[in-house]
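The block underneath contains the structure these notes are about, expressed in structure tokens.
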Amino acid sequence: MEEQTKYLLNENDIPRAWYNINADSPVAPEAVLNPMTNEPVTPDFLSVLFPMGLIEQEVSMDRYIDIPEEVREAYKLWRPTPLIRARRLEKALGTPAHIYFKYEGVSPSGSHKSNTAIAQAYYNKIAGTKAMTTETGAGQWGSALSMACQFYDMPLEVYMVRVSYDQKPYRRFLMETYGAEVNASPSPKTHYGQKLLAEDANNPGSLGIAISEAVEMAASSNGGKKYGLGSVLHHVLLHQSVIGEEALKQMDMANEYPDVVIGCVGGGSNFAGIAFPFLRENLKNGQRTRLLAVEPDAAPSLTRGIYAFDYGDTACSAPICKMYTLGADFMPASIHSGGLRYHGMAPTLSSLYAQGLVEAVAVSQTKVFEAAVLFARTEGLLPAPESSHAILAAINEALEAKKTGEKKVILFNLSGHGHFDLSSYNKYLTGQMEDYALPDEAVKNIRQHIPAIKENALV
Ligand SMILES: *Cc1c(COP(=O)(O)O)cnc(C)c1O
């Protein structure tokens, strides 16, 4: 039989339901706390920021949640995404392992983030939301939500981390092309931004600050504007489950089953998307796939953070969640993987990691780019720096298999393309890239940076 490289599904294979890991997780989800009172949030508090459809998903214990037909219609613009066997990479490594990847870079905005952007814009639209606000780091989330808001005819205000706004203008131009208003964060438009700019007019910004600004604009809008977050929250992870559900079918077409499933983690959504359906198979159907989350050593929340209740943003105005965190005022080094610079990790993923159901590893930036370049030269696709963390871990697994002779089956998620990241590639190729592993000193101090609430006394 002729050897196959791409495994393609039809439009009617696009999943009809999102998969909710909370229905199968051995441990119940932790409460989300109101940052003003430290008491569990009420739906009223959340409804200032989110429409009811998304709040219901945030707390749902239903195993499957139907995907609205209108959302499936929009998914058809790029879904199902291909599953590809990386035969040339396997050959270059000389490994007996089989390496597969799910390619989410075919979405119009270039990453998996469109999977949740469409859903969030849809639930806001049907709830009567007039406009949305959000933050963006490198710009991938901002681009995805800009497109989605345009589809549903809602204006979008984006707060973009200032260093990226200045240094990576092309993502901004894309958001503006989709019709969004993009502000450098900290911005003079918000009270919080004004305060920070008065202290330091050259504040470079951070994801935590940009979240605070976007939350402030929604919270002070008297209900007209709502806020969208591109990762971390449970409903975002839920929307990404289409990745893993499709991958399960495609691995079946390839007549193989993965020994290990790998994804990079910033807030945890693309990893959750590919891994949770396989975790369901582990928990319910006796499979034993390893699930490996890969983070940058400059922002290593899972491998070096602490598991505690912490603020989701720098101004301490967003809900408090129990998660692996480096502290809400953590200022990550300016690594080239802007999408992986968040201080915390999705509470759902944090809980599964704490239970030992998921593994994690931290890797350094220059090694990541070395892997990215090898991948581009063998498979032809230019990966996003974020996604390349998963490539590096997949390569390491394949080289391990080469040593042992194991015919391991490896699946990783290629969460996005790197067409807007070429200046980072140039830095790497011209020897100007550095590593920024988080110093031990910073890790020791995390405890002093988390809120003093009674649950945290126990960690
Ligand atoms: C945003 C982003 C990430 C990191 O976010 P997660 O929520 O952890 O998936 C990874 N890859 C790409 C391409 C991104 O845009």
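All ligand and atom numbering here is 1-based and tracks the order in the structure.
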Under 3.5 Å between some N or O of ligand 1 and some N or O of [X]?
{"X": "A384", "value": "no"}
{"X": "G266", "value": "yes"}
{"X": "G268", "value": "yes"}

At less than 4.0 angstrom from any non-hydrogen atom of [X], what atoms of ligand 1 do you find?
{"X": "C264", "result": "10 (C), 11 (N)"}
{"X": "Q140", "result": "13 (C), 14 (C), 15 (O)"}
{"X": "L340", "result": "4 (C)"}
{"X": "G416", "result": "13 (C)"}
{"X": "V265", "result": "8 (O)"}
{"X": "H112", "result": "2 (C), 3 (C), 9 (O), 10 (C), 11 (N), 12 (C), 14 (C)"}
{"X": "S231", "result": "6 (P), 7 (O)"}

Specify the protein heavy atom at minimum distance from [atom]: its residue, its atom name, and the distance to 0.1 Å.
{"atom": "atom 14 (C) of ligand 1", "result": "K113 NZ, 2.8 Å"}
{"atom": "atom 4 (C) of ligand 1", "result": "G339 O, 3.3 Å"}
{"atom": "atom 11 (N) of ligand 1", "result": "S415 OG, 2.7 Å"}

Just let me know how [X] lines up against ligand 1, side chain, backbone, both or neither, with a heavy-atom cut-off below 4.0 Å.
{"X": "V232", "value": "neither"}
{"X": "N270", "value": "both"}
{"X": "E104", "value": "neither"}

What distance do [X] atom [atom1] and [Y] atom [atom2] have between them, rounded to the nearest 0.5 Å?
{"X": "L9", "Y": "E245", "atom1": "CG", "atom2": "CD", "value": "11.5 Å"}
{"X": "T348", "Y": "E30", "atom1": "OG1", "atom2": "CD", "value": "11.0 Å"}
{"X": "M160", "Y": "N183", "atom1": "CE", "atom2": "CG", "value": "11.5 Å"}
{"X": "R87", "Y": "E379", "atom1": "CZ", "atom2": "CD", "value": "10.0 Å"}

Is the Y64 ring parallel, tilted or perpendicular to the Y19 ring (thresholds 30°, 60°)? tilted

Could you check, using the six-membered ring where one of them is a Trp, whether [X] and [Y] have ring centers closer than 6.0 angstrom?
{"X": "Y170", "Y": "F173", "result": "yes"}
{"X": "F375", "Y": "F101", "result": "yes"}
{"X": "F50", "Y": "H235", "result": "yes"}

Does some non-hydrogen atom of Q240 fall short of 4.0 Å from ligand 1? no

Can the positive tip of R172 be found less than 6.0 Å from the middle of the six-membered ring of Y165, inside 45° of the ring normal? yes

Between E216 and S317, does any side-chain donor sit less than 3.5 Å from a side-chain acceptor? no

Out of E397, E90, E400, which residue meets the salt bridge (Lys or Arg N to Asp or Glu O under 4.0 Å) rule with K408? E397

